[in-house]
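Numbering of ligands and ligand atoms starts at 1, following listing order.
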Amino acid sequence: MTTPLFETLCVIGPGLIGSSVLRRLRERPGLVNRLVVADRDPAVLDRVRALDLGDEITADLAKAVADADCVMLCVPVGAIAPVAEAIMPHFKAGAILTDVGSTRRSVVDALTPHLRDDIAYIPAHPMAGTEHSGPDAGFASLFEDRWCLLTPDPHAPQTDIDRLAAFWREMGARIRIMDVDHHDTICAMVSHLPHLIAFTICGTADTLAEDMRAEVLDFAASGFRDFTRIAASDPTMWRDIFLNNSDALLSVLDRFSQDAAAMAKAIREGDEKTIVDTISRGRRIRRSLLENRQA
Ligand SMILES: NC(=O)C1=CN([C@@H]2O[C@H](COP(=O)(O)OP(=O)(O)OC[C@H]3O[C@@H](n4cnc5c(N)ncnc54)[C@H](O)[C@@H]3O)[C@@H](O)[C@H]2O)C=CC1
Ligand SMILES: O=C(O)C(=O)Cc1ccc(O)cc1
């Protein structure tokens, strides 16, 4: 019997990410002794009960955090700081506060003024997910071989950072510790811009003339289908991500627009070399991802 990493873990917002963490913990009962689960939506709590994902399941967030050694916020980015502020007075001294939010800087800036000295704030963003939401969408292997990016508050004790890193390793993830702004720039490039492009391209197809629109959907080849999978993601979650990472996102979008314009120019001018170079670069990136088993 190993020592548990946390005596009591509280998960607030047991949707896709939160319920995946809970499922993994149910498969490995020694890691955490007691699971407290909270959400503001009673329908979500009913599903969590039916799925048996918590030992205590409640809509009372203050009560939920009272005994927790670690509180994990799995709510949309825009709700992280308000929820953290509301529950802060109810934390046990020495507890860890973590969140799985997809963006960092604006959340850290909004939350830090409300952070108690005796609470360690260590955001941990798993680079894993799907286009689905809610407690029924989660699965225990979601984080297997995926990165989890930790951006600890400068005052967080090293022992707490090590403990949370060990927790995410048990979830199956690989750990990288990084600076808040670096996190946002990387995520803008590898996650937020691709989603923006997917939402936009589906919008473009949808605004075609009515007769052509039916054909777009009938004849959609796998390229367009891949975009529609990403574009099926949750609107609230992605609104929050775009608005909370606007600087980094607009900066990579600007770069992308310039590159797209360069590609348009190459096509217009019949510049075969630029066209082939651009496509070959994409192919190289895909192959290197496959070699690292990340695709
Ligand atoms: N979906 C994905 O692929 C990934 C999402 N993330 C991040 O994880 C977080 C959660 O995402 P999902 O699990 O996809 O969301 P989800 O929509 O599946 O679940 C969110 C849950 O939070 C609850 N909630 C919302 N506002 C609340 C509030 N004020 N108080 C209490 N509960 C509240 C909702 O009722 C819902 O049960 C987000 O911050 C997202 O950016 C991170 C990695 C991947
Ligand atoms: O479904 C996909 O393709 C994703 O990219 C999931 C995802 C969404 C948001 C994140 O912050 C991290 C991963």
Side-chain angles (χ1 to χ4, degrees), residues 10-23 36-49 51 53-54 57-65 71-87 98-104 106-108 110-111 123-139 142-143 145-151 168 171 173 183-184 186-199 225-245 248-249 289 294-295:
C10 171
V11 171
I12 298 181
L16 170 73
I17 302 297
S19 78
S20 296
V21 168
L22 294 165
R23 281 177 170 89
V36 181
V37 184
D39 202 284
R40 66 172 181 188
D41 182 347
V44 167
L45 295 177
D46 283 347
R47 286 308 301 150
V48 171
R49 258 180 225 108
L51 295 162
L53 293 178
I57 298 162
T58 176
D60 184 342
L61 270 53
K63 188 167 141 241
V65 305
V71 175
M72 182 181 290
L73 302 183
C74 301
V75 298
V77 165
I80 295 173
V83 169
E85 185 183 348
I87 59 179
T98 184
D99 73 68
V100 298
S102 303
T103 77
R104 287 275 66 97
S106 68
V107 175
V108 166
L111 192 155
H125 175 201
M127 297 301 290
T130 72
E131 67 278 25
H132 302 298
S133 308
D136 287 287
F139 50 100
L142 176 62
F143 311 111
D145 275 334
R146 299 287 161 179
W147 285 105
C148 185
L149 309 180
L150 269 57
T151 52
W168 276 103
M171 295 293 107
H183 168 279
D184 283 358
I186 300 263
C187 291
M189 184 64 242
V190 302
S191 180
H192 308 163
L193 179 63
H195 277 80
L196 184 151
I197 293 169
F199 296 130
R225 277 183 190 277
D226 288 350
F227 279 116
T228 63
R229 182 194 72 76
I230 298 177
S233 301
D234 184 67
T236 304
M237 171 177 152
W238 283 97
R239 175 204 64 195
D240 282 7
I241 291 174
F242 290 166
L243 293 177
N244 281 279
N245 200 20
L249 178 57
L289 278 181
Q294 285 186 41

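- Checking only distances, R229 does come within under 3.5 Å of ligand 2, N or O to N or O.
- The atoms of ligand 2 that sit less than 4.0 Å from any heavy atom of G129 are 1 (O), 6 (C).
- Counting the atoms of ligand 1 from 1 in the order shown, those under 4.0 Å from a heavy atom of P126 are 43 (C).
- Listed by atom number, the atoms of ligand 1 under 4.0 Å from G15 heavy atoms are 13 (O), 16 (P), 18 (O), 19 (O).
- The aromatic rings of W238 and H195 sit parallel to each other, their planes meeting at less than 30°, with 60° as the upper class boundary.
- With P76, P82, A79 as candidates, the residue nearest to atom 25 (C) of ligand 1 on a non-hydrogen basis is P76.
- Here is the list of ligand 2 atoms found below 4.0 Å of a heavy atom in S102: 9 (C), 10 (C), 11 (O).
- When only interatomic distances are considered, the shortest N/O to N/O separation between H125 and ligand 2 falls below 3.5 Å.
- Near H125, meaning under 4.0 Å from any of its heavy atoms, are these atoms of ligand 1: 42 (C), 43 (C).
- Residue contacts with ligand 1: D234 is excluded, as none of its non-hydrogen atoms falls under 4.0 Å.
- Every atom of ligand 2 is numbered from 1 in the order shown, and the set under 4.0 Å from a heavy atom of T130 is 1 (O).
- Using 4.0 Å as the threshold, A128 has a heavy atom nearer than that to some atom of ligand 1.
- Under 4.0 Å is where a charged nitrogen must lie from a carboxylate oxygen, and between R49 and D46 at least one such pair does.
- Residue S102 has at least one N or O atom closer than 3.5 Å to an N or O atom of ligand 1.
- For ligand 1, the polar-atom distance check finds an N/O of I17 within less than 3.5 Å of one of the ligand's N/O atoms.
- In terms of N/O distances under 3.5 Å, ligand 1 is not approached by G101.
- Of the heavy atoms in W147, none comes closer than 4.0 Å to ligand 2.
- Applying the 4.0 Å criterion to heavy atoms of H195 picks out, from ligand 2, the atoms 4 (C), 5 (O).
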